[in-house]
Amino acid sequence: MKEINVLVTGAAGQIGYALLPRLASGETFGSDVLVNLRLVEIPQVVEKLTGTIMELEDCGFNTLGKVEAFSDIYEASKDVDWALLVGSIPRGITINGKKIEERGDLLKINGGIFTDQGKAIGENGKKDAKILVVGNPANTNALIGMIHANNSNQTWMAMTALDANRAKAQVAIKLNVAISEINQMIIWGNHSPTMYPDLENANINGKSVASLINDNDWIKNDFLETVQQRGKAIIDARGASSAASAANAAIETVKATLSPTEDGDCFSAAVISDGSYDIPKGIIYGFPLKTTTDGKIQIIQGLEINSYAKEKLEITTKELLEEKEAISEII
Ligand code: NAX
């Protein structure tokens, strides 16, 4: 059986709990691949992983290989094929009596974490390792990690697939269609309320979703607001951030890189900008992506961006440039 080494940080957290069984079950990497899991937690929490490991054993998956718990990211990164960087300090937590709500505070607290994780994966991970950053602020955390990894053969991504799924869900309700009919749902920019879910380029049977909806007021107001604020709405409703849907989006992102993307479709994730669509180079930006037949991840080129979309792309670009500026001391 082929073996794969998968590292997951924040493994004792709520996304980790929903994610690990699906990584190990054969659903993600296939029924002929043995999945070795490297579970990483902060030292105070690493003990809790013993319970997670027992549960994983008790699932009885044929595809579960060796499962190990670590608090040292350097040890954990040895020969990893995939790293899912979920662990970070989430918004809303109280530290030293201060509730962390601002992105700037989150950037500073999480910046240090991703510096070390980047170095460790760059030095010890497989030469073609793929890394998906879920922990917020995901795009800028991925930038910090990628820079410190300093390993151009590895692929660093930040997760925007949850936003794409949220956008698809709203469209499916509005048009009364199945989710599976909706293709090429692009999330441009940052995984934050400035993201731009693009209904002009999304299509159903090749027809633009925006034209099928034919209701600009709904698209520009209700739809945009619902998708951009969905994370907050879930926190307000359940008192905790999205977990099952976030884990699902991470699984879908990994799967999207394992087989070629069909023509007319894409998958959404943020990768380092190469200047495509006039986005400044050097920020991790949500683009339409495809996996090629030889397994490479590429930005899909040549899509139309109208003037309204351009304005939206500029807003999210500005935010990412500001985030980059805020972490300039550590990159
Ligand atoms: P939890 O607080 O349940 O779990 C986070 C876990 O990470 C904790 O167990 C903590 O001990 C661990 N951790 C913290 N620092 C660590 C480090 N340096 N190394 C290893 N582990 C570390 O949060 P959870 O709900 O699982 O969310 C995790 C992250 O995902 C948060 O930053 C959250 O904001 C982010 N999200 C990102 C989404 C996306 O679409 N990109 C959506 C969902 C989610 O909000």
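When a ligand or atom number is given, it counts from 1 through the structure's own listing order. Quick caveat, the model's predicted, so the values are computed rather than measured.
Partners of T317 under the side-chain hydrogen bond (donor to acceptor under 3.5 Å, both in side chains) rule, at least two apart in sequence or in another chain, are Y285.
Each of the following atoms of ligand 1 lies closer than 4.0 Å to a heavy atom of I15: 24 (P), 25 (O), 26 (O), 27 (O), 28 (C), 30 (O), 43 (C), 44 (C). Within the listing of ligand 1, atoms 38 (C), 39 (C), 40 (O), 41 (N) sit less than 4.0 angstrom from a heavy atom of H191. Less than 4.0 angstrom separates some heavy atom of I113 from each of these atoms of ligand 1: 15 (N), 18 (N). Those atoms of ligand 1 that come under 4.0 Å of a heavy atom in S241, given as number and element, are 25 (O), 45 (O). Close approach of ligand 1 to G10 (heavy-atom distance below 4.0 Å) involves ligand atoms 6 (C), 7 (O), 12 (C), 20 (C), 21 (N).
Atom CG of residue L20 and atom CG of residue L64 lie 10.0 Å apart, to the nearest 0.5 angstrom. Between the CD atom of Q117 and the CG atom of N141 there is a distance of 8.5 Å, given to the nearest 0.5 Å. Rounding to the nearest 0.5 Å gives a distance of 8.0 Å between CG of N136 and OG of S241. Rounding to the nearest 0.5 Å gives a distance of 6.0 Å between OG1 of T140 and CD1 of I327. For the atom pair CG (D163) and CE (M185), the distance works out to 11.0 Å, reported to the nearest 0.5 Å.
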Contacts under 3.5 angstrom, residues 306-314 side chains, donor-acceptor by atom type, not counting sequence neighbours:
from	atom 1	to	atom 2	distance (Å)
N306	OD1	Y308	N	3.3
N306	OD1	A309	N	2.8

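Heavy atoms of S242 come nearer than 4.0 angstrom to ligand 1 in at least one pair. At least one heavy atom of Q117 sits closer than 4.0 Å to an atom of ligand 1.
Residue A246 has no nitrogen or oxygen atom sitting less than 3.5 Å from a nitrogen or oxygen atom of ligand 1, judged on distance alone. Backbone and side-chain nitrogen or oxygen atoms of L162 are examined, and none is located within less than 3.5 angstrom of a nitrogen or oxygen of ligand 1. For ligand 1, the polar-atom distance check finds no N/O of G16 at less than 3.5 Å from any of the ligand's N/O atoms. Considering backbone and side-chain atoms alike, D163 places every N or O at 3.5 Å or more from each N or O of ligand 1. Ligand 1 has a nitrogen or oxygen under 3.5 angstrom from a nitrogen or oxygen of E41.
Of the options I109, N136, L19, the smallest heavy-atom separation from atom 36 (N) of ligand 1 is shown by N136.
By the 4.0 Å N-to-carboxylate-O rule, D222 lies too far from K174 to be salt-bridged with it. Comment: R38 does not engage E75 in a salt bridge, judged by the lack of any side-chain N to carboxylate O separation of less than 4.0 angstrom.
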